[in-house]
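First the structure, in the form of structure tokens, and then the observations on it.
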Amino acid sequence: KTETTKDLAKAVGIQCVVFNCSDGIDYLIMAKFFKGLAATGAWACFDEFNRINVEVLSVVAQQILTIQRAKAKMVKSFMFEGTQLPLRMSASVFITMNPGYAGRAELPDNLKALFRSCAMMVPDYALIGEILLYSNGYMEARNLSRKIVQTYKLCSEQLSSQDHYDYGMRAVMAVLRAAGNLKRQFAEEDENILMLRSIIDVNLPKFLTHDIPLFEGITSDLFPGINLPPSDYDNLYKYCLENCEKINLQLTASFFTKICQLYEMIIVRHGLMLVGYSFSGKTASYKVLMAALSDLCENDLNGEKRTHAHVVNPKSITIGQLYGQFDPVTHEWSDGVLAVTYRHAAQQETMHGVPDRQWVIFDGPVDAIWIENMNTVLDDNKKLCLMSGEIIKMGPSQTMMFEVEDLSVASPATVSRVGIVFMQTVALGWEPLVDAWERKLPEHVRVHAPSKLLKAAIPSVLTAVRRVGREIVPTSFMMLVNNALHLLEGLLRQNKLIFGYAEGDAEPSRIPPADFARKLEGLAMHAMVWSLGGTADEGTRPKIEEALRAAMPADLSTPFPESESLFDICFDASSCKWTSWMETVPEFKVPSDVDASSITVPTVDSVRIAATVRTLLLCKRAALVCGPTGTGKTVTVKAELNALEASKWTTQFFTFSARTLASQVQDIIEAKLDKRRKFVLGPPHGIRCIFLVDDLNMPVLELYGAQPPIELLRQWMDHGGWDDLKENS
């Protein structure tokens with residue numbers, strides 16, 4: 001639709017300004033636009049026009065009517081919104097829109113009457129493909145273009161239906177673009193091989209594991225007897241391996257495949273999405289690729305450029321703080337975080353002569369409101385349209401990336417504009433987590449191979465948790481394994497088996513190897529009980545306990561006791577025995593001089609929660625305590641935090657409510673910390689600060705399911721900070 005308008009303007013030689021409309025546009029912004037159009041005689045193509053609020057559209061109809069009446073009278077100048085303007089007869093307004101999407105309004109009748117409707121039909125993909133392939137130097141263009149169309153037709157019929165699958169015009173264009181790039185690189189290569197390589201490179205990254213065999217069947221039927229030569233990624237592999245070792249990651253075959261797919265997608269698309277659940281390797285893949293490309297540039301290999309990433313969480317701030325907003329009183333414009341970041345990335349090459357790759361990464365949920373403002377950035381216009389009327393052109397080496405869990409609330413307009421790299425935790429597996437964790441342990445712990453017991457027991461327990469376990473908070477198997485590793489590390493530190501948590505206490509343990517092995521084994525079993533089984537509710541714990549007992553090897557030196565529940569006992573590393581939780585705390589005596597309402601009597605439940613939280617705190621890990629109302633979560637954790645040494649720890653409490661805003665949370669936390677230097681906040685030197693957030697899940701869900709206060713905390717935990725809303729950086 002937009003391309004047709006632009007082509008018509010090109011054919012008649014008139015400037016056409018494409019502008020992406022958003023729901024924040026008011027009649028004053030539109031009046032500014034119309035004044036410019038009337039005075040210069042240019043055309044404007046308002047993309048996604050029905051996203052503007054209906055109240056504003058009614059006023060816009062009057063503004064357009066004023067211009068149309070002036071044109072009908074053939075006047076040289078006319079009065080518009082209190083200004084006497086010259087009028088050029090060529091001035092015209094075009095609207096392009098998708099009716100019936102989320103967040104779209106129905107146009108009012110007084111506006112519809114001013115425009116002639118034109119329904120756009122799906123174009124002939126095969127003809128478009130044939131023309132573009134001929135222009136790129138392909139001799140068998142007609143045959144190959146039909147094969148592209150047939151591939152997508154068969155995919156839409158045979159493959160599963162997913163939110164992120166798209167087989168439309170933009171998908172065809174991505175294949176044609178990739179085919180053109182390959183033809184220029186390998187001019188003498190068989191054209192069928194080039195086309196098959198293009199189809200696979202563009203489409204394979206987005207398919208789920210069970211759809212890949214079907215897709216390979218389709219391509220082998222359409223390109224019989226053609227085998228693709230392997231891609232030459234030796235240099236990339238070498239530097240990915242180096243960078244994985246630096247940050248203690250495992251470069252598995254599936255992980256490297258996803259890095260290569262991401263790299264290929266960056267070459268053919270300027271907008272792409274990394275889609276997948278937590279622990280599928282989204283963040284790690286782009287970080288490793290970014291470091292590897294920069295290393296290739298340093299060594300003058302593959303003609304690569306240095307790469308810089310600018311990360312923004314779109315849901316930890318309001319849409320006004322993201323794109324920019326007008327002051328409600330003075331109507332003065334102030335840029336948002338994205339506007340500043342995008343402009344900085346776009347101008348690096350054109351204004352500062354820096355040809356490095358610039359990746360603007362959105363790490364947060366996608367919804368149909370904020371992502372739609374990016375439509376003109378993600379399609380062939382490559383322009384960010386701000387409500388102030390400013391249009392910022394994308395830089396030549398700039399890429400927009402989105403890191404999301406799913407695209408269930410994204411509109412088809414968004415999905416069709418971006419390349420998709422889909423990542424699955426199943427492909428990565430939990431073994432790399434255990435291997436990476438073991439590799440960073442000190443030598444005296446590593447010789448006992450703690451991963452051996454974990455790898456033997458975890459698979460069958462995870463199967464039981466998924467089959468019979470009912471969890472209070474849903475988790476993935478990767479999270480449970482990660483929790484087991486963190487808890488075990490905390491227990492080793494707590495018992496001075498790695499090294500203590502005091503300064504200068506990093507001396508390796510002097511315990512005899514046989515005793516050390518027994519302690520390590522017992523603590524590993526304890527950690528598995530409270531991580532793999534810790535999220536299950538009371539009703540399903542007996543079944544998980546059975547699975548835990550069955551999963552343990554027969555030759556253990558400290559087996560589980562038969563008589564007691566695993567959730568009622570803990571492993572005492574000093575005596576190498578299993579003991580009751582209640583024996584780990586002194587006998588409780590009711591104090592005579594204290595008000596009865598302030599007395600807390602320790603129970604098995606409160607003791608084991610307090611002990612687990614303490615272990616996680618000492619290894620600097622965040623803890624999430626969940627359960628029904630009135631089970632003593634806050635009281636237990638507060639008592640544990642208050643018992644910490646005041647000279648080394650400081651604690652801050654605050655509570656979420658349904659009305660809590662992200663900006664309020666940011667202000668509360670910033671007020672509790674000292675300003676070290678510009679852009680750096682922290683507690684006083686030598687002290688560690690703990691924030692206890694009560695009622696974490698209380699903030700009300702937005703229309704599309706996001707919770708901005710929780711997104712803000714996630715941004716802090718992921719990236720170690722957040723945006724300074726005064727500096728917009």
Item to complete: Could you tell me the separation between the OH atom of Tyr167 and the OH atom of Tyr125, rounded to the nearest 0.5 Å?
Response: 13.0 Å
Worksheet item: Going through the checks in order, is the side-chain contact (heavy atoms from CB on, under 4.5 Å) test met by Met374 and Arg417?
Response: CA-CA 10 Å; Met374 302 287 292; Arg417 281 172 162 83; over 6 Å; no
Fill in: Criterion side-chain contact (heavy atoms from CB on, under 4.5 Å) on Leu176 and Ile148, from CA distance to verdict
CA-CA 9 Å; Leu176 296 171; Ile148 298 174; 3.7 Å; yes
Practice prompt. Taking all non-hydrogen atoms of both residues into account, name the closest pair between Ile420 and Met265 and its distance.
Written response: O-CE, 3.6 Å
Worksheet item: Do NZ/NE/NH1/NH2 and the carboxylate oxygens of Glu443 and Arg446 come within less than 4.0 Å?
Response: yes
Discussion item. Using the ring pair (Phe, Tyr, Trp, His ring centres under 6.0 Å) definition, which of the options Phe256, Phe255, Tyr263 pairs with Tyr237?
Written reply: Phe256
Worksheet item: Backbone N or O of Asn483 within a donor-acceptor pair of the Ser531 side chain at under 3.5 Å?
Response: no
Fill in: Heavy-atom side-chain proximity of Met273 to Val366 below 4.5 angstrom
yes
Worksheet entry | Matching residue for Cys240 among Leu293, Asp295, Leu249, Val288 - test: side-chain contact (heavy atoms from CB on, under 4.5 Å) | Val288
Worksheet item: Looking at Glu489 and Lys440, does any basic side-chain N land under 4.0 Å from a carboxylate oxygen?
Response: yes
Worksheet item: Out of curiosity, Glu538 CD to Arg470 CZ, how far, rounded to the nearest 0.5 Å?
Response: 11.0 Å
Worksheet item: Hey, is the main chain of Tyr233 close enough, under 3.5 Å, to the side chain of Ser231 for a donor-acceptor pair?
Response: no
Practice prompt. Return yes if some donor-acceptor pair links the side-chain N/O of Arg197 with the main-chain N/O of Pro229 below 3.5 Å, else return no.
Written response: yes
Worksheet item: Any Lys/Arg nitrogen of Glu264 or Arg269 sitting under 4.0 Å from an Asp/Glu carboxylate oxygen of the other?
Response: no
Discussion item. Checking the side chain of Asn203 only, and the main-chain atoms of Ile199 only, is there a donor and an acceptor separated by less than 3.5 Å?
Written reply: yes
Item to complete: Starting from the C-alpha separation in whole Å, work towards a yes-or-no answer on side-chain contact (heavy atoms from CB on, under 4.5 Å) for Glu431 and Gln250.
Response: CA-CA 9 Å; Glu431 290 89 347; Gln250 302 288 307; over 6 Å; no
Discussion item. Using side-chain heavy atoms (C-beta onward) and a distance below 4.5 Å, is Leu236 in contact with Leu289?
Written reply: yes
Discussion item. Given 3.5 Å as the limit, does a donor-acceptor pair link the side chain of Tyr152 with the main chain of Ala171, or not?
Written reply: yes
Worksheet entry | Atom pair OG (Ser411) and CD1 (Ile371), whose distance is rounded to the nearest 0.5 Å | 8.5 Å
Worksheet item: Is the closest side-chain heavy-atom distance between Trp437 and Pro450 below 4.5 Å?
Response: yes
Response to the item:
Tested for salt bridge (Lys or Arg N to Asp or Glu O under 4.0 Å) against Asp363, the lone hit among Lys315, Lys282, Lys287, Arg714 is Arg714
Item to complete: Would you mind checking if Lys633 and Asp695 are paired as a salt bridge, meaning a charged N to carboxylate O distance below 4.0 Å?
Response: no
Discussion item. Are Leu480 and Leu462 packed together at the side-chain level, in the sense that at least one heavy-atom pair is separated by less than 4.5 angstrom?
Written reply: yes
Practice prompt. Could you check whether the rings of Trp370 and Phe402 sit parallel, tilted or perpendicular, using 30° and 60° as the cut-offs?
Written response: tilted
Discussion item. Show every side chain to side chain donor-acceptor pair (under 3.5 Å) that has at least one partner inside residues 153-162, sequence neighbours left out.
Written reply: Lys153-Glu157, Ser160-Gln162, Ser160-Asp211
Practice prompt. Locate the shortest heavy-atom distance separating Leu144 from Asn192; write the atom from each residue and the value.
Written response: CD2-OD1, 3.5 Å
Worksheet item: Are side-chain heavy atoms of Met401 and Ile266 found at a separation under 4.5 Å?
Response: yes
Practice prompt. Report the distance from atom CG of Leu520 to atom OG1 of Thr558, rounding to the nearest 0.5 Å.
Written response: 9.5 Å
Worksheet item: Would you say Asn302's side chain and Glu304's backbone share a donor-acceptor pair under 3.5 angstrom?
Response: no
Practice prompt. Spell out, as yes or no, whether a donor-acceptor pair under 3.5 Å connects the side chain of Thr399 to the backbone of Trp359.
Written response: no
Worksheet item: Without hydrogens or angle criteria, can the side chains of Asp537 and Thr540 be said to hold a donor-acceptor pair below 3.5 Å?
Response: yes
Discussion item. So which atom in Ser451 and which in Val434 form the shortest heavy-atom distance, rounded to 0.1 Å?
Written reply: CB-CG1, 3.5 Å
Worksheet entry | Working for side-chain contact (heavy atoms from CB on, under 4.5 Å), residues Val529 and Phe560 | CA-CA 11 Å; Val529 171; Phe560 288 128; 3.9 Å; yes
Worksheet item: What are the two closest non-hydrogen atoms of Leu433 and Met478, and how far apart are they?
Response: CD1-O, 3.7 Å
Response to the item:
For Arg466 and Phe477 the tightest heavy-atom approach is NH2-N, 3.5 Å
Discussion item. With a 4.0 Å cut-off on N to O distance, would you call Arg541 and Glu545 a salt bridge?
Written reply: no
Worksheet item: For the atom pair CG (Leu556) and CG (Leu453), what is the distance rounded to the nearest 0.5 Å?
Response: 6.5 Å
Discussion item. With a sphere of 6.0 Å drawn around NZ of Lys238, does it hold more than 12 non-hydrogen atoms of other residues, nucleotides or ligands?
Written reply: no
Practice prompt. Any chance you could measure Ile569, atom CD1, to Arg608, atom CZ, to the nearest 0.5 Å?
Written response: 11.5 Å
Discussion item. Using the rule side-chain hydrogen bond (donor to acceptor under 3.5 Å, both in side chains), only one of Lys305, His308, His310 pairs with Gln358; which is it?
Written reply: His310
Worksheet item: What pair of heavy atoms forms the shortest contact from Thr252 to Pro432, and how long is it?
Response: CG2-CG, 3.7 Å
Item to complete: Could you verify whether a donor N or O on one side chain and an acceptor N or O on the other, from Gln398 and His270, lie under 3.5 Å apart?
Response: no
Fill in: Distance-only donor-acceptor check, side chains Lys147 and Gln150, under 3.5 Å
no
Practice prompt. State whether the side chain of Gln707 and the backbone N or O of Pro699 hold a donor-acceptor pair below 3.5 Å, judged by distance alone.
Written response: yes
Worksheet entry | Phe215 and Ile200, any side-chain heavy atoms less than 4.5 Å apart | yes
Discussion item. A side-chain contact here means heavy atoms from C-beta on lying under 4.5 Å apart; do Val665 and Leu713 qualify?
Written reply: yes
Worksheet item: For Phe691, does the CZ atom sit with more than 12 other heavy atoms under 6.0 Å from it, leaving out its own atoms?
Response: yes
Worksheet item: Any side-chain heavy atom of Leu454 within less than 4.5 Å of one from Leu485?
Response: yes
